[in-house]
2 protein chains.
Amino acid sequence: MEHTISGVGVIDKAIGVLAAVEHEPLALTALVERTGFSRATSHRLASALEFHGLLRRDAEGRFTLGTRLVSLGEAAERAWPIAEAAGPALADLRDATGESAQLYVRDGGRRICVASLESPHGLRTIVAAGAVLPLDQGSGGRALTGDVGPDGYVVSVGEREAGVASVSAPIHSGTTVVAAVSVSGPIERLTRDPGPTFGPSVVIAASDIADAAGLKG
Amino acid sequence: MEHTISGVGVIDKAIGVLAAVEHEPLALTALVERTGFSRATSHRLASALEFHGLLRRDAEGRFTLGTRLVSLGEAAERAWPIAEAAGPALADLRDATGESAQLYVRDGGRRICVASLESPHGLRTIVAAGAVLPLDQGSGGRALTGDVGPDGYVVSVGEREAGVASVSAPIHSGTTVVAAVSVSGPIERLTRDPGPTFGPSVVIAASDIADAAGLKG
DNA sequence: ATCGTGTGTTCCACAGTTCAGAACATATGT
DNA sequence: ACATATGTTCTGAACTGTGGAACACACGAT
């Protein structure tokens with residue numbers, strides 16, 4: 001009987017080591033305790049991950065997540081096909097509205113910005129591709145959870161960030177929400193009631209993105 | 001003779017698979033070609049990585065980097081000790097200047113924002129922690145490369161982003177630049193000559209951060 | 001519809017790697 | 001000086017990962 005959960009026991013253990021140090025750096029002894037692996041095994045696996053840059057040692061010699069994960073994480077975000085497919089429609093939305101436009105996908109209990117175009121205005125809201133945001137704040141999060149008004153879009157004003165308004169629409173594959181497209185900007189420009197002005201644009205953008213990504217509606 | 005480079009051959013191979021798909025999604029056959037592993041091995045390793053979320057399948061069944069890497073990458077960025085140590089000084093800088101403040105470290109040929117506090121102004125520049133930016137654009141990048149004026153700070157106006165000005169100072173450990181602290185905001189508020197107003201503040205912040213992080217000056 | 005080829009998936013005997021207790025090295029506190 | 005804790009390395013045995021083969025499925029040509 002194999003003792004693996006994924007089919008490759010060493011990968012299971014290596015991920016266990018990464019997960020152990022995800023929230024705080026750990027000295028070897030703490031790593032042994034947290035993972036349940038023997039001291040020699042913990043040391044060998046952690047050293048191998050360090051060799052590849054997935055772990056590093058902090059100033060006190062504790063193991064912590066390494067810089068290679070930053071670049072892999074960034075590459076992972078670029079690899080969403082919907083982000084690529086959304087490019088033209090996102091550019092149209094940004095140009096038509098003059099405001100920053102973003103595309104979000106859901107990742108467990110959070111949302112990730114997988115594509116982001118900034119408004120040409122000197123002052124604008126900026127969400128970097130790769131940013132991780134909550135689902136329960138902001139129109140993009142509520143669009144992802146399906147909490148959408150009868151007109152097909154969601155509005156938030158000063159909800160996730162003071163001074164910022166946003167309007168979002170969900171993107172469906174069949175009946176499943178797979179992404180959300182948003183415009184956002186300063187309340188001063190979008191007003192406290194941005195729905196009528198921007199709602200139709202984000203709904204159209206959502207439809208265009210679904211088409212471009214080949215999603216069934 | 002072992003055929004490993006890190007001490008754990010399976011980890012070497014698993015990283016090889018991740019590296020193979022870093023830049024573009026690969027079908028199994030392409031993965032076999034790119035890695036040189038046998039078909040069965042490639043499939044087994046990729047499936048195990050997929051199980052743990054480090055890979056996923058795109059709509060065409062190709063292997064591509066998975067969402068777990070996004071969250072690990074984000075956690076990796078939070079794990080810089082200087083980011084933690086910089087918290088109070090960064091807050092002081094933001095409060096004293098009223099502008100967004102960021103801390104950058106160098107990662108190869110790029111810079112990573114490892115801590116970020118936003119201005120209370122309704123309109124402000126925002127750099128998400130985790131954002132990856134170039135070294136050759138913006139005052140933060142030039143501070144990291146040591147390209148600093150005689151007053152100890154760097155200024156950029158409309159260089160990395162139109163409408164944005166920033167001022168940065170390097171943070172040294174001994175004679176080595178290990179980080180850079182920046183303030184940034186709209187040119188309209190920072191003016192086209194933000195150095196005299198903000199330069200001394202970032203230089204003080206850099207010194208405070210170096211002290212807080214226990215760096216030798 | 002049939003056939004050949006290509007691609008993805010699974011099996012399983014065995015070759016080779018990983019494991020972990022022991023030993024060693026170093027650090028720390030008393 | 002000593003005891004203890006922590007980090008690192010060694011190495012024989014046990015176990016896992018390997019990869020050729022087989023199978024399943026998709027696709028293009030005829």
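Hydrogens, waters and symmetry mates play no part in the numbers below; they use all other heavy atoms, side chains included. Every chain is numbered from 1 and lettered A, B, ... according to where its sequence line falls, protein lines coming before strand lines.
The shortest distance between the side-chain N/O atoms of A:Thr4 and the OP1/OP2 oxygens of D:dT16 is not below 4.0 Å. For D:dG20, the OP1/OP2 oxygens have no side-chain nitrogen or oxygen of B:Ser38 closer than 4.0 Å. Neither OP1 nor OP2 of C:dG8 sits under 4.0 Å from any side-chain N or O of B:His43. Considering only side-chain N and O atoms, B:Lys13 lies under 4.0 angstrom from the phosphate OP1 or OP2 of D:dT18.
Atoms CG (B:Leu31) and P (C:dG6) sit 19 Å apart, rounded to a whole Å. With rounding to whole Å, A:Ile11 atom CD1 is found 11 Å from C:dT18 atom P. The CZ atom of B:Arg62 sits 11 Å away from the P atom of C:dG8 (whole-angstrom rounding). When rounded to the nearest whole Å, the span between CG of A:Leu26 and P of D:dG7 equals 10 Å. For the pair A:Phe51 CZ and D:dT9 P, the interatomic distance rounds to 14 Å; values are reported in whole Å. To the nearest angstrom, C1' of C:dT17 lies 12 Å from CG of A:Leu45. Rounded to a whole Å, the CG atom of B:Leu28 is 12 Å from the C1' atom of C:dG6. Rounded to an integer number of Å, the gap from CZ of A:Arg44 to P of D:dT11 is 15 Å.
Residue-to-nucleotide proximity on DNA chain D shows that, of A:Ala30 and A:Val8, the 5′-proximal contact is made by A:Ala30. Projected onto DNA chain D by closest heavy-atom contact, A:Val10 and A:Phe63 fall at different nucleotides, the more 5' of which corresponds to A:Phe63.
Looking only at distances, no side-chain donor or acceptor of A:Ser173 sits under 3.5 Å from a matching main-chain atom of A:Thr176. Listed for the A:Thr64 side chain is no donor-acceptor partner under 3.5 Å among the backbone atoms of A:Arg56.
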Step by step, work out the salt bridge (charged side-chain N to carboxylate O under 4.0 Å, His left out) result for A:Glu22 and B:Arg68. CA-CA 11 Å; A:Glu22 181 174 7; B:Arg68 185 78 175 97; 2.9 Å; yes

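The two residues A:Leu55 and A:Phe63 have their closest heavy-atom pair at CD1-CD2, 4.1 Å.
Using a 4.0 Å heavy-atom cutoff across all strands shown, B:Arg57 reaches sugar-phosphate atoms only and no base atom. At the heavy-atom level, B:Thr41 lies under 4.0 Å from base atoms of the strands shown.
Checking C:dG8, C:dT18, D:dG7 against the side-chain heavy atoms of A:Arg39 singles out D:dG7 as nearest. Among the nucleotides C:dT7, C:dC19, C:dT10, the one closest to the side chain of B:Ala40 is C:dT10.
Looking only at atom types and distance, the side chain of B:Ser184 has no donor-acceptor partner in the side chain of B:Ser100 under 3.5 Å away.
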